[in-house]
Asker: 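Provided herewith is a single structure, encoded as structure tokens, for subsequent inquiry.
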Amino acid sequence: MRLWGGRGRLRHQRLQTILTIAAIATAVALPVVLISVGGGVSAHELSDLENAGYQIVVSAGGLHGIANAHRVADEILSIPSVTAASPVLSVALDAFLGTAAPVPSLAEGVIPGQFLPTLGPTESGLFPSPLPLGDPTDSVHFDNGTYAGPATNDVLVSSPLAQQYKLSVGMTLLLGPSANASQAVRYNLTGTFGVPLGELGQTGGFALLVPLSSLQVLTGYASGPKAPVVDAADTVEVSVGGTVATNPSQLDQVRNEVQKLVPYDSVSTLAQEAQQLQSASSVLTGFYLALSSVGLTVGLVFLALVMLRRVESDRRSIGIRRAIGVPGRSVVGGVLSEGVAMAGLGALGGVVVGYLLVEGLASWASGPVQEATRLAEFVPLTLLELVLGVLGLALLAGGLAARAALRLDLAESLR
């Protein structure tokens, strides 16, 4: 048996070989894409958790579900070993920059003095210190929940937004909760902050940072009967100091104290989130492999059928070799080597195709697809295990053909 067939005999064997390799390559490319992209995104999220400047996070269900964020932050700060408690409210705003249409941007409302201490070493270097957002405690405008104090309408803009629209410190911006310019409020641009475009991409690059109370008033999440959530926030990020940050039992005690203050909200440590993320990543990897197994099964069944067909077409040649004393193991070895060769070429081709597909999406796709594929990680050990798995299954498929070759009737084959 020959991998590419003869010149005048069974030329369609070449087509069979090409189709078999293509089928296996297609089947292998799918798990390469899924595992590399999924694993890369999970690894990126784990890295963010490990490098975060906070250790405990308070969250709530629903949209901006944490109520009384200023009071909650003050109460958490009273817990021993807590060094910072930063409420964060994230809301989409429209920036009116003199363009034909308002520019959608993601605004985050923070307490300036609490925000920076909860950032990791990588993120903290992107922001000016101290944050030029006026009152560092955000208590003057908040005024014990009345929001009657003088507002500090200062804003920091991300460097991509500033570069795109030629914004500079000292300018004023109109920011509003909708495309209706009559609802917009004038803000003073007091600084910029950098955004790592390689990770966030242009979609996440148009960002704003404003005082928490200012954003709450602008978006209707301050106080009063019409506020969906009073003094709202999405999360409260809590940083602890000393050895507590690295001591699981002491950190869990702090988490329990925080939970007593907010019994109806969710309080978790980053270690718990990391474990949950790792578990979810393992489940997703298993799902990817299960999904890919359908394509791999089709490819290997096709390989088995091609090998059986070749044994049938080469039965006379096999009979002659057996009749002149060629050992059965030699026949079996030839059949298996041919199957493994086709499967190996297909598996290697699938790895290459999967890699090129991911790189292509990372370069030319847009939006979340490009952002996710740029985080893809091609782990050599995982790819090797995938290729070896395909080769192992190819041995099983080739074993069916080898068994058929050994069971050929010699008299019938030599007619």
Side-chain angles (χ1 to χ4, degrees), residues 1-7 9-36 285-286 288-357 378-408 410 413:
M1 297 176 66
R2 285 176 287 180
L3 185 61
W4 300 103
R7 175 171 297 180
R9 182 176 59 88
L10 301 178
R11 291 186 177 181
H12 62 280
Q13 286 188 3
R14 292 191 182 95
L15 180 60
Q16 289 178 345
T17 300
I18 293 172
L19 292 177
T20 302
I21 294 174
I24 295 176
T26 302
V28 171
L30 178 60
V32 169
V33 173
L34 293 177
I35 294 174
S36 62
T285 300
Y288 295 153
L289 292 175
L291 180 64
S292 304
S293 66
V294 177
L296 287 171
T297 300
V298 173
L300 291 168
V301 167
F302 187 70
L303 173 64
L305 293 176
V306 168
M307 296 302 297
L308 287 171
R309 181 68 183 88
R310 290 195 175 183
V311 167
E312 179 64 25
S313 63
D314 288 346
R315 60 187 303 171
R316 184 175 180 83
S317 173
I318 295 173
I320 293 173
R321 295 173 64 196
R322 294 293 307 281
I324 63 176
V326 175
R329 62 177 178 275
S330 178
V331 175
V332 171
V335 174
L336 292 179
S337 63
E338 187 172 358
V340 169
M342 286 192 287
L345 289 174
L348 293 176
V351 171
V352 173
V353 170
Y355 174 81
L356 293 177
L357 181 59
F378 297 92
V379 182
L381 180 59
T382 302
L383 298 179
L384 179 61
E385 290 174 347
L386 180 60
V387 171
L388 292 178
V390 172
L391 295 179
L393 293 173
L395 285 174
L396 293 178
L400 294 176
R403 180 171 178 269
L406 293 177
R407 297 183 64 183
L408 288 176
L410 293 182
S413 301

Asker: When rounded to the nearest 0.5 angstrom, what distance separates CD1 in Ile21 from CZ in Phe302?
Answerer: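 The distance works out to 11.0 Å.
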Asker: What closest approach, in Å, do Ala25 and Gly349 show between heavy atoms, and which atom pair accounts for it?
Answerer: CB-C, 4.0 Å
Asker: Testing the basics here: between Val28 and Leu296, what is the closest heavy-atom pair and its distance to 0.1 Å?
Answerer: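 Closest approach of Val28 to Leu296: CG2-CD2, 3.9 Å.
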Asker: For Leu396, give me all partners under side chain to side chain contact (heavy atoms under 4.5 Å, CB included), at least two apart in sequence or on another chain.
Answerer: Leu393
Asker: Locate the shortest heavy-atom distance separating Ala343 from Leu303; write the atom from each residue and the value.
Answerer: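 So the minimum-distance heavy-atom pair works out to CB-CD2, 4.2 Å.
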Asker: A side-chain contact here means heavy atoms from C-beta on lying under 4.5 Å apart; do Thr17 and Met342 qualify?
Answerer: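 In contact.
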Asker: Minimum heavy-atom separation for Gly339 and Ala394, please, with both atom names.
Answerer: O-CB, 4.2 Å
Asker: State, to 0.1 Å, how close Pro31 and Leu386 come at their nearest heavy-atom pair, and which atoms those are.
Answerer: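 Scanning both residues, the minimum pair turns out to be CG-CD2, 4.0 Å.
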Asker: How long is the span from the OG1 atom in Thr20 to the CD atom in Glu338, to the nearest 0.5 Å?
Answerer: 9.5 Å
Asker: Closest heavy-atom contact between Gly354 and Ala29?
Answerer: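 That closest heavy-atom pairing would be N-CB, 4.0 Å.
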Asker: Between atom CG of Leu388 and atom CG of Leu383, what is the distance when rounded to the nearest 0.5 Å?
Answerer: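 Going from the CG atom of Leu388 to the CG atom of Leu383 covers 11.0 Å.
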Asker: Within the 4.5 Å heavy-atom criterion, are Leu391 and Val387 side-chain neighbours or not?
Answerer: yes
Asker: Taking C-beta and beyond as the side chain, do Val32 and Tyr355 meet within less than 4.5 Å on heavy atoms?
Answerer: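 Side-chain contact under 4.5 Å: no.
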